[in-house]
Amino acid sequence: MSTQFDDLLGGFPAAAVPPALEMVPAGAGGEQAMGAFDGASRFDEALSFWQPQLASADADIIPEMGLGDARARDMLRNDSYVQGGATLHKDNIVGAQYVLNAKPSSLVLFGKQDDVWESEMQEEVEETFDLMAESPENYFDAARMNTFTGLIRLGVGIHLAGGEILSTVEWIKNGRPFNTAIQAVDKDRLSTPPLMMLDGSIRAGIELHPTFKYPLAYHIRSVHPNDYLPTFQNFSSMWTWKRVARATKWGRLQVIHLLEQMRPDQTRGIAAMVSALKEMRITRKFRDVTLQNAVTQALYAAAITSERPPAEAYAMLGAGGTPPDAETVQKMMTDYMVGYFNTINEFTGGSKNLHVDGVRIPHLPPGTKLDILSPGKGGPLGMEFEASLLRYIAATLGVSYEQLSRDYTKTNYSSARAAMAETWKFMQSLKKLVADRYATIIYRLWLEEMVNADRFTTFPKAKAGLLYENNALGLRFDALSRCDWIGAARGQIDELKETQAAVLKINNGLSTREDEIARLGGDWRKKLRQQAREAKFIDDIEKTLGRPLFNTSASAAMVNATEGGAQPTNSPKADGEGDDE
């Protein structure tokens with residue numbers, strides 16, 4: 001076996017044969033002896049110098065987290081495409097309003113199914129929550145800056161830039177309708193105090209259980225380590241940390257920390273966009289260089305270039321056969337160029353013939369040629385290169401290239417549908433993992449307080465004891481607080497076709513009005529209730545007028561066409577109606 005690498009390495013001495021090679025069965029080929037995976041080969045020319053560190057999740061993330069976060073935020077601040085991608089996340093996940101869809105379980109709470117109670121509880125809770133969540137007083141935000149929807153949009157944006165969300169749960173008493181408030185915390189403030197650096201149970205500010213590694217407490221710095229205030233004004237706060245337990249003894253959360261783990265034993269999060277920071281940086285630099293190139297070329301209509309050999313150039317300057325030193329060359333060049341340009345100025349005078357549409361042509365030494373420049377000429381790689389880089393960014397952000405670039409010139413209906421479907425799947429998974437979790441936690445905190453404050457007639461305080469099993473929030477509280485969230489509408493490319501498809505799915509039992517209306521960002525109960533109000537109002541108006549308010553025959557034809565997939569066979573004019581009506 002020692003001769004297998006003779007051609008490659010020149011042979012092994014007998015005592016230097018690697019033990020692993022001696023154990024390869026007789027007759028095995030050289031490729032088998034080098035390993036089963038080409039990607040793990042140590043001898044491949046393309047991979048031999050690729051030796052990444054094999055480390056734990058925290059060892060990979062925590063040392064690089066600060067620099068990665070800073071670069072990601074810089075791109076979000078200064079790159080319009082990346083900032084647009086972040087806005088797409090918020091608009092495609094949260095939308096204009098994040099609507100609660102409560103779904104309490106009477107079977108788990110009371111041991112039997114009670115549809116009437118579930119419907120009444122749902123409507124009371126949703127109506128109360130909606131009023132408080134979207135109040136302009138911003139009750140849910142401890143800083144009184146954001147509505148509930150604003151907090152969720154903020155959380156989605158923070159997760160995109162840093163890979164995690166951090167908030168503390170406050171209890172504020174100042175005449176508000178409820179005391180629960182959410183304080184958003186910059187992830188940079190979550191860190192280990194200097195005097196606890198040697199404590200192995202604390203990882204990047206998170207105090208972990210010694211056996212199962214779940215969070216017990218969080219160490220939060222009083223201010224950001226690089227706060228806006230001068231150091232002398234917040235020096236004491238900068239070196240002060242507060243330990244906040246994850247939850248109370250009865251299970252009420254005091255810290256909200258959300259991240260999506262990529263590996264076991266991962267304590268902190270890192271943004272997915274970090275993997276594309278190189279492409280993002282190159283794209284931005286490419287645009288800058290291309291713009292500078294276009295501006296520079298626009299300054300000149302033409303340039304004159306010289307092809308004289310150095311020896312001839314030195315001779316023209318008056319030098320001998322031996323090239324002079326740099327200082328002598330500089331002096332000769334200066335004297336020569338001063339005399340040359342003085343002569344050119346005397347010759348051209350005020351002539352306008354050495355300009356192209358007012359754009360100047362530079363005068364250079366004799367023995368040169370004229371190159372006409374195109375002011376609109378782009379970079380050497382053109383738009384295709386930038387489009388390729390933008391596709392990297394779009395893939396990392398989970399949106400389509402067309403959405404990120406706002407370029408729909410090469411998009412048809414089928415490709416637009418496919419791109420929207422892929423983006424929708426990504427956004428829905430992110431909605432469940434980030435926005436829904438964040439919103440549900442806030443809703444549970446609010447719901448517990450409201451029940452104990454006896455604010456609901458459908459679930460009074462007398463029943464609050466059902467929620468606490470073994471003196472802690474248990475499964476019954478999960479049953480009471482179960483919910484979904486209605487966020488951004490999916491959007492429609494062809495409203496007629498997609499509406500017809502939705503109607504067919506409902507009529508054939510493949511979907512429900514709740515699901516289809518939720519895809520459009522609405523609540524089915526409110527829609528149907530509003531339709532009932534409109535129908536009653538129209539009926540009252542028609543009774544007053546003594547005639548139908550609308551052309552019912554044409555409306556029926558349109559409905560039949562929508563449900564059957566065919567076009568209407570009659571029109572208002574076919575029924576004898578005039579053009580004016």
Side-chain angles (χ1 to χ4, degrees), residues 90-91 93-104 121-159 165-186 189 218 220 242 244-248 250-258 431 434-461 464 467 473 477 480-488 521-523 525-526:
K90 299 176 184 179
D91 291 343
I93 294 174
V94 183
Q97 182 176 351
Y98 218 50
V99 180
L100 171 67
N101 185 16
K103 291 189 173 182
M121 176 69 185
Q122 180 178 17
E123 293 201 37
E124 183 181 20
V125 169
E126 288 179 358
E127 194 70 19
T128 307
F129 182 83
D130 182 69
L131 287 173
M132 296 181 178
E134 300 307 316
S135 170
E137 295 295 331
N138 302 329
Y139 293 122
F140 274 97
D141 187 0
R144 304 296 284 269
M145 296 291 292
N146 297 286
T147 63
F148 174 79
T149 299
L151 279 176
I152 305 304
R153 287 179 65 92
L154 176 64
V156 170
I158 291 173
H159 183 271
I165 300 174
L166 180 66
S167 301
T168 57
V169 181
E170 308 297 335
W171 188 264
I172 302 175
K173 297 180 179 180
N174 58 357
R176 300 160 73 249
F178 58 95
N179 298 326
T180 300
I182 306 301
Q183 178 68 62
V185 180
D186 195 310
R189 293 172 56 190
Y218 295 81
I220 300 175
K242 181 179 180 181
V244 184
R246 176 184 175 273
T248 63
W250 63 91
R252 180 178 170 85
L253 281 179
Q254 293 183 295
V255 178
I256 304 173
H257 184 225
L258 303 179
K431 175 178 177 291
V434 179
D436 284 4
R437 287 180 63 195
Y438 194 35
T440 300
I441 290 173
I442 298 174
Y443 166 62
R444 286 165 58 94
L445 293 164
W446 171 85
L447 184 62
E448 183 193 9
E449 178 187 348
M450 297 296 284
V451 168
N452 282 279
D454 203 13
R455 300 292 294 273
F456 299 129
T457 58
T458 52
F459 198 88
K461 184 178 180 180
L467 307 180
L473 288 172
F477 183 63
L480 182 68
S481 61
R482 187 178 63 177
C483 63
D484 285 336
W485 296 92
I486 302 173
D523 185 323
R525 286 185 178 84
K526 293 181 180 179

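- The backbone N or O of T457 sits less than 3.5 Å from a side-chain atom of E124, completing a donor-acceptor pair.
- Distance check, rounded to the nearest 0.5 Å: CD of E448 to CG of L467 gives 8.0 Å.
- Across all their heavy atoms, D523 and R525 have their closest contact at OD1-N, 3.0 Å.
- Separating the CH2 atom in W171 from the CG atom in L445 is a distance of 9.5 Å, to the nearest 0.5 Å.
- The distance from the CD atom of Q97 to the CZ atom of R153 is 12.0 Å, given to the nearest 0.5 Å.
- Taking the side chain as every heavy atom from C-beta outward, W446 and V125 approach each other to under 4.5 Å.
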(request) Kindly determine whether V451 and L480 satisfy side chain to side chain contact (heavy atoms under 4.5 Å, CB included), including the steps that lead there. (result) CA-CA 10 Å; V451 168; L480 182 68; 4.1 Å; yes
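- A pairwise comparison of heavy atoms in A464 and N452 identifies CB-OD1, 4.2 Å as the closest pair.
- In summary, of the residues considered (R444, R252, E170), a side chain to side chain donor-acceptor pair (under 3.5 Å) with T180 occurs for R252 alone.
- Side-chain atoms of K431 come within 3.5 Å of backbone N or O of W485 as a donor-acceptor pair.
- Y98 has its side chain within reach of D436: a pair of non-hydrogen atoms, C-beta onward, lies under 4.5 Å apart.
- T128 is listed as a side-chain neighbour of F456, based on a closest heavy-atom distance under 4.5 Å.
- Here the shortest heavy-atom pairing between E126 and A102 reads OE2-N, 2.9 Å.
- At least one side-chain heavy atom of S167 sits less than 4.5 Å from a side-chain heavy atom of Y438.
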(message) Apply side chain to side chain contact (heavy atoms under 4.5 Å, CB included) to residues V94 and T149 and explain how you reach the verdict.
(response) CA-CA 7 Å; V94 183; T149 299; 3.8 Å; yes
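- The six-membered or imidazole ring of F140 lies near that of F129, with a centre-to-centre distance under 6.0 Å.
- Side-chain contact between D484 and K103: present, with at least one pair of heavy atoms (C-beta onward) separated by less than 4.5 Å.
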(message) For T440 and S481: C-alpha separation, side-chain torsions, deciding distance, then whether side chain to side chain contact (heavy atoms under 4.5 Å, CB included) applies.
(response) CA-CA 8 Å; T440 300; S481 61; 5.9 Å; no
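- A distance-only check finds no donor-acceptor pair linking the side chain of Q122 to the backbone of P104 [under 3.5 Å].
- The distance from the NE2 atom of H257 to the CD1 atom of I165 is 9.5 Å, given to the nearest 0.5 Å.
- If you take CD1 on I158 and CG on D186, they are separated by 7.5 Å, rounding to the nearest 0.5 Å.
- In this structure, I182 and D141 have side chains that are not in contact, with every pair of non-hydrogen atoms separated by 4.5 Å or more.
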(message) For a side chain to side chain contact (heavy atoms under 4.5 Å, CB included) check, start with the C-alpha distance between M145 and L151, then their side-chain angles and the critical distance, and finish with the verdict.
(response) CA-CA 9 Å; M145 296 291 292; L151 279 176; over 6 Å; no
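- Atoms CD and OG1, from E134 and T147 in turn, are 4.5 Å apart once rounded to the nearest 0.5 Å.
- Side-chain contact, Q254 with T248: no donor N or O sits under 3.5 Å from an acceptor N or O.
- With R246 contributing its side chain and V255 its backbone, the two residues share no donor-acceptor pair below 3.5 Å.
- The shortest side-chain heavy-atom distance between L100 and D130 does not fall under the 4.5 Å cut-off.
- A pairwise comparison of heavy atoms in P177 and R455 identifies O-NH1, 3.0 Å as the closest pair.
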